*Asks:* 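Shown below is the structure under consideration.
Worth saying up front: this structure is predicted, and the values here are computed from it rather than measured.
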Amino acid sequence: MIDKYDEIFNAYKEYMETNSKYNVKVVKYNTNTSTYFPLVTCVLNNNIDTDYCTIDMIERYEAFYFTINIYTKDKTKGANIQVASQVINDELSALTQKFFGEKLNMKKTLNQPTPNLDISVLRKTIQYQCLIGSARGNIIRR
């Protein structure tokens, strides 16, 4: 199922980089948040869910949990125009919802600001979940 994660991640990355007006960087894992802003991380947690399988036990479904962390800072754009980190964070959150919630029809299970060690960085954590069939790779909203 890692292939399915890569497929979803690459589509999400392309969607965010194409539609955001703030030159966002999307990565799989957060290694260092202080180097580039705005930064979005997309981390996968999954497990094989034996409660969700077909009657004939041919196809099992894996529960996928996508955890999105959005890191933003105030940004100067153009001729000394200051854009607040909350404005950037709101735009990236809306784009994330359009991709995971509307396009892929995944269920949002978490949407909250998250404390960050560096208080000049605004961080928001959003989590989506779904079931993905092992044989056909179909996404089912849970």
Side-chain angles (χ1 to χ4, degrees), residues 1-54 57-142:
M1 282 298 172
I2 297 299
D3 293 340
K4 193 66 175 175
Y5 168 62
D6 286 338
E7 178 185 324
I8 292 171
F9 171 78
N10 290 333
Y12 175 63
K13 180 178 179 177
E14 181 180 334
Y15 180 82
M16 292 296 282
E17 290 174 352
T18 302
N19 293 303
S20 175
K21 53 187 166 187
Y22 296 109
N23 197 21
V24 64
K25 183 174 183 177
V26 181
V27 296
K28 285 185 182 179
Y29 302 104
N30 184 12
T31 55
N32 186 355
T33 61
S34 64
T35 58
Y36 194 92
F37 294 99
L39 177 71
V40 176
T41 63
C42 179
V43 180
L44 170 70
N45 298 314
N46 70 321
N47 65 324
I48 296 174
D49 199 339
T50 55
D51 293 338
Y52 293 97
C53 54
T54 56
M57 301 295 240
I58 292 174
E59 184 170 23
R60 296 201 185 285
Y61 290 94
E62 286 190 47
F64 273 55
Y65 302 92
F66 290 91
T67 303
I68 311 297
N69 284 294
I70 300 171
Y71 300 89
T72 56
K73 272 189 167 184
D74 293 345
K75 188 171 191 165
T76 303
K77 190 175 179 184
N80 296 328
I81 298 171
Q82 190 76 8
V83 181
S85 60
Q86 185 65 51
V87 172
I88 300 168
N89 203 296
D90 289 345
E91 184 213 60
L92 298 176
S93 298
L95 287 173
T96 298
Q97 174 59 26
K98 283 182 183 175
F99 183 80
F100 284 101
E102 296 173 18
K103 187 175 178 184
L104 296 181
N105 197 28
M106 291 187 186
K107 181 180 177 183
K108 186 190 300 184
T109 58
L110 180 70
N111 185 17
Q112 68 183 22
T114 307
N116 200 48
L117 192 58
D118 181 357
I119 59 172
S120 68
V121 176
L122 180 64
R123 178 180 173 196
K124 186 175 200 176
T125 302
I126 307 169
Q127 189 175 60
Y128 293 91
Q129 76 178 43
C130 68
L131 296 174
I132 298 183
S134 60
R136 294 173 286 184
N138 53 332
I139 296 175
I140 299 172
R141 183 176 180 158
R142 186 182 236 185

*Asks:* Counting only heavy atoms not in Lys13 (residues, nucleotides, ligands), do more than 12 fall under 6.0 Å from its NZ?
*Replies:*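 Not buried by this count: 12 neighbours or fewer within 6.0 Å.
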*Asks:* How long is the gap from NZ on Lys73 to CG on Leu39, to the nearest 0.5 Å?
*Replies:*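 Output value for this atom pair is 12.0 Å.
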*Asks:* Are side-chain heavy atoms of Tyr71 and Val40 found at a separation under 4.5 Å?
*Replies:* no
*Asks:* List for me each residue that meets side chain to side chain contact (heavy atoms under 4.5 Å, CB included) alongside Ser85, sequence neighbours excluded, and say none if there are none.
*Replies:*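 Ser85 satisfies side chain to side chain contact (heavy atoms under 4.5 Å, CB included) with Thr72, Asp74, Leu122 only.
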*Asks:* Could you tell me which residues satisfy side-chain hydrogen bond (donor to acceptor under 3.5 Å, both in side chains) with Thr125, sequence neighbours excluded, listed by chain and number?
*Replies:* Asn69, Thr114
*Asks:* Show, in sequence, the C-alpha distance, side-chain angles and deciding distance for Leu104 and Cys130, and conclude whether the side-chain contact (heavy atoms from CB on, under 4.5 Å) test is met.
*Replies:* CA-CA 9 Å; Leu104 296 181; Cys130 68; over 6 Å; no
*Asks:* Which residues pass the side-chain hydrogen bond (donor to acceptor under 3.5 Å, both in side chains) test with Asn10, sequence neighbours left out?
*Replies:*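 None.
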*Asks:* Just to verify, what does Phe99 make a ring pair (Phe, Tyr, Trp, His ring centres under 6.0 Å) with, not counting sequence neighbours?
*Replies:* Tyr12, Tyr15
*Asks:* Is the shortest heavy-atom distance from the side chain of Ile8 to the side chain of Ile132 under 4.5 Å?
*Replies:* yes
*Asks:* If the condition is ring pair (Phe, Tyr, Trp, His ring centres under 6.0 Å), which residues does Tyr128 pass it with, not counting sequence neighbours?
*Replies:* Phe100
*Asks:* Measure the shortest side-chain to side-chain distance between Phe37 and Lys75 over non-hydrogen atoms and say whether it is less than 4.5 angstrom.
*Replies:*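 In short, these two side chains do not touch, never coming nearer than 4.5 Å.
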*Asks:* Are Leu92 and Pro38 packed together at the side-chain level, in the sense that at least one heavy-atom pair is separated by less than 4.5 angstrom?
*Replies:*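 The answer is yes; the side chains approach within 4.5 Å.
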*Asks:* Distance check, rounded to the nearest 0.5 Å: Ile126 atom CD1 versus Leu110 atom CG?
*Replies:* 8.5 Å
*Asks:* Output all residues satisfying side chain to side chain contact (heavy atoms under 4.5 Å, CB included) with Glu14, sequence neighbours left out; order by chain, then residue number.
*Replies:* Thr18
*Asks:* With rounding to the nearest 0.5 Å, note down the distance linking NZ in Lys25 to OG1 in Thr41.
*Replies:*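 That separation rounds to 12.0 Å.
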*Asks:* I'd like to know if Asp118 and Arg123 make a salt bridge, using a cut-off of under 4.0 Å between side-chain N and carboxylate O.
*Replies:* no
*Asks:* Starting at CE of Met106, measure out to CD of Gln127 and round the result to the nearest 0.5 Å.
*Replies:* 11.5 Å
*Asks:* Rounded at 0.5 Å granularity, tell me how far CD in Gln97 sits from CD in Glu102.
*Replies:*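 Here the rounded value is 6.0 Å.
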*Asks:* Taking C-beta and beyond as the side chain, do Asn111 and Lys124 meet within less than 4.5 Å on heavy atoms?
*Replies:* yes
*Asks:* Can you confirm if the NZ or CZ of Lys28 lies within 45° of the ring axis of Phe9 and under 6.0 Å from the centre of its six-membered ring?
*Replies:*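 Judged by the rule, Lys28 and Phe9 form a cation-pi pair.
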*Asks:* Output the distance between atom CD (Gln129) and atom CG (Asn45), rounded to the nearest 0.5 Å.
*Replies:*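 So the CD of Gln129 and the CG of Asn45 are separated by 11.5 Å.
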*Asks:* State, without any angle test, whether Tyr22 and Asn89 hold a side-chain donor-acceptor pair at a distance under 3.5 Å.
*Replies:* no
*Asks:* Can you check side-chain contact (heavy atoms from CB on, under 4.5 Å) on Leu44 and Phe66, steps first, answer last?
*Replies:* CA-CA 5 Å; Leu44 170 70; Phe66 290 91; 4.2 Å; yes
